[in-house]
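Encoded as structure tokens, the structure appears first; notes follow it.
The basis for the numbers below is simple: all heavy atoms, side chains too, and nothing from hydrogens, waters or symmetry mates. Note that the coordinates shown come from a computational prediction; the quantities given were computed from them, not determined experimentally. By convention in this document, chain letters (A, B, ...) are assigned in the order of the sequence lines, proteins followed by strands, and residues within each chain are numbered from 1.
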Protein chains: 2
Amino acid sequence: MQELTSMRLTTQRQIILEELSKVTSHPTANEVYDMVRRRLPRIGLGTVYRNLELMAETGMILKLEVGGTQKRFDATVAPHYHVRCLECGKVDDIKMQVQHNINETAAQASQYQILGHHIEFTGLCSDCATSTHQASIN
Amino acid sequence: MQELTSMRLTTQRQIILEELSKVTSHPTANEVYDMVRRRLPRIGLGTVYRNLELMAETGMILKLEVGGTQKRFDATVAPHYHVRCLECGKVDDIKMQVQHNINETAAQASQYQILGHHIEFTGLCSDCATSTHQASIN
DNA sequence: TTTTATTTGAGAAGGTTTATCATCTGGTAT
DNA sequence: ATACCAGATGATAAACCTTCTCAAATAAAA
Ligand SMILES: [Mn+2]
Ligand SMILES: [Mn+2]
Ligand SMILES: [Zn+2]
Ligand SMILES: [Zn+2]
């Protein structure tokens, strides 16, 4: 694991964190790469992966393992839940209260030492809900 | 999408479903492949992927998009929750009541048309909890 | 300024999943 | 029972995402 103290403040790291903090879209590593490249055209994709991983390990950011193929990243580290649109794959925050209690319920219902949970809602974003509705009319 | 009616009952499909139904381990496609190959040594990995995907589409089985790199499959289609061991990656069922109500809470807290949710608990399985404890003693 | 351990960028490699396509087969019609 | 054929299979290539490797670059300490 990476020590927070021995982590250099490189330009790449700063800009990756800055760009991730600008958005609420839970971008994939590749999307972060595209964002960062506008400011640092010579950055490597590996550097983006490496640093997102490192920042997630040290708790500076969150690595979301939501449905879909790619991992997504989130600068909002406070516990919260997500929705994913089944149509377009967009991921948004759900601003509802965190269900702290269910960890205990789960602990009682299993042999695991429960350390946390995450909830992913699935559905249709407003854009896709209307266009899907349109399609069913046509 | 695949029509249930036009789906042939091939030996491969039957055995894939049978083998998946035998276990509660939420195997990856590769693990299903290994299980099935004992009975059908000439089956292709592509066939396993293709049919797991198809069965998931038609609702015969569940495709779990839990944390970790690989997708996992589940013959138990009734709604239920999962725990994943942070140490060894094992996935188990959590036999607790499904929180139907939170879908409405989420719907009120967002612009999405909420269709469902899934909860993934994280923690340590009994094996890993003890060995991690051992390690911290040594 | 010099030193050095860490980090970077480029590219290769790895692992998982999907696509392609000639061949095969389950289900149906004859 | 036999012929037929849309759908399925197996082999393999390709796509895709992520991690690894290592010489060169650089942040930070001396
Ligand atoms: Mn978020
Ligand atoms: Mn299950
Ligand atoms: Zn959408
Ligand atoms: Zn474990």
Across all chains, not counting sequence neighbours, the side chain to side chain contact (heavy atoms under 4.5 Å, CB included) partners of B:Asp92 are A:Tyr112, B:Val83, B:Lys90
Between CG of B:Asn51 and P of C:dT18 the distance, given in whole Å, is 13 Å
Can you classify the ring geometry of A:His82 versus A:His26 as parallel (below 30°), tilted (30 to 60°) or perpendicular (above 60°)?
perpendicular
One would report the end-axis bend of the helix from C:dT1-D:dA30 to C:dT30-D:dA1, five pairs per end and rounded to 10 degrees, as 30°
Joining Ile, Leu, Val, Met, Phe, Trp and Tyr whenever any side-chain heavy atoms lie under 4.5 Å apart, the cluster holding A:Met35 also takes in A:Val23
Protein-nucleic acid N or O pairs under 3.5 Å, nucleotides 21-25 of chain C:
unit_1: C:dT25; atom_1: O2; unit_2: B:Arg8; atom_2: NH1; d: 2.9

Looking only at C:dT7, D:dT19, D:dA8, the nucleotide nearest the A:Thr10 side chain is C:dT7
Applying salt bridge (Lys or Arg N to Asp or Glu O under 4.0 Å) to B:Asp34 and not counting sequence neighbours gives B:Arg37
Counting only side-chain nitrogens and oxygens, does A:Thr47 get under 4.0 Å of the OP1 or OP2 atom of C:dG9? yes
From CD1 of A:Ile15 across to C1' of C:dT8 the rounded distance in Å is 14 Å
From CG of A:Leu9 across to P of C:dT8 the rounded distance in Å is 11 Å
Across all chains, not counting sequence neighbours, the side-chain hydrogen bond (donor to acceptor under 3.5 Å, both in side chains) partners of B:His118 are A:Glu120
Whole-Å distance, B:Gln14 CD to C:dG26 C1', equals 11 Å
Sorted by number, residues from residues 16-45 of chain A placing a heavy atom under 4.0 Å from DNA chain C are A:Arg42, A:Ile43, A:Gly44
Hits for salt bridge (Lys or Arg N to Asp or Glu O under 4.0 Å) against A:Lys95, two or more places apart or cross-chain, chain-then-number order -> none
Residue set satisfying side-chain hydrogen bond (donor to acceptor under 3.5 Å, both in side chains) with A:Gln14, at least two apart, ordered chain then number -> none
Notebook entry, point to check: Any side-chain heavy atom of A:Thr24 sitting closer than 4.5 Å to one from A:Thr76?
Noted result: no
B:Tyr49 OH to D:dC16 C1', in whole Å, measures 12 Å
message: In the structure I gave you, are the side-chain heavy atoms of B:Arg50 and B:Gln12 within less than 4.5 Å of one another anywhere?
response: no
By ring-ring contact (aromatic ring centres under 6.0 Å, His included), A:Phe121 pairs with (sequence neighbours left out) B:His117
Numerically ordered, the residues 62-76 of chain B set in heavy-atom contact under 4.0 Å with DNA chain C is B:Gln70, B:Lys71
**Item:** Side-chain touch A:Met60/A:Met7, heavy atoms, less than 4.5 angstrom
**Value:** yes
Out of D:dT18, C:dT8, D:dA8, minimum distance to the side chain of B:Arg13 belongs to D:dA8
For this session: Verify the cluster assignment for A:Ile114 and B:Val91: are they in a single hydrophobic cluster under the rule of side-chain heavy atoms below 4.5 Å apart?
Result: no
Separation of D:dT9 atom P from B:Glu53 atom CD, nearest Å, is 14 Å
Atom CG of B:Leu52 and atom P of C:dT17 are separated, to the nearest Å, by 10 Å
For B:Glu19, the salt bridge (Lys or Arg N to Asp or Glu O under 4.0 Å) test, sequence neighbours excluded, returns B:Lys22, B:Arg39
Taken to the nearest whole Å, CD/A:Gln12 to C1'/C:dT7 is 8 Å
- Query: Are side-chain heavy atoms of B:Arg72 and B:Glu31 found at a separation under 4.5 Å?
  - Reply: yes
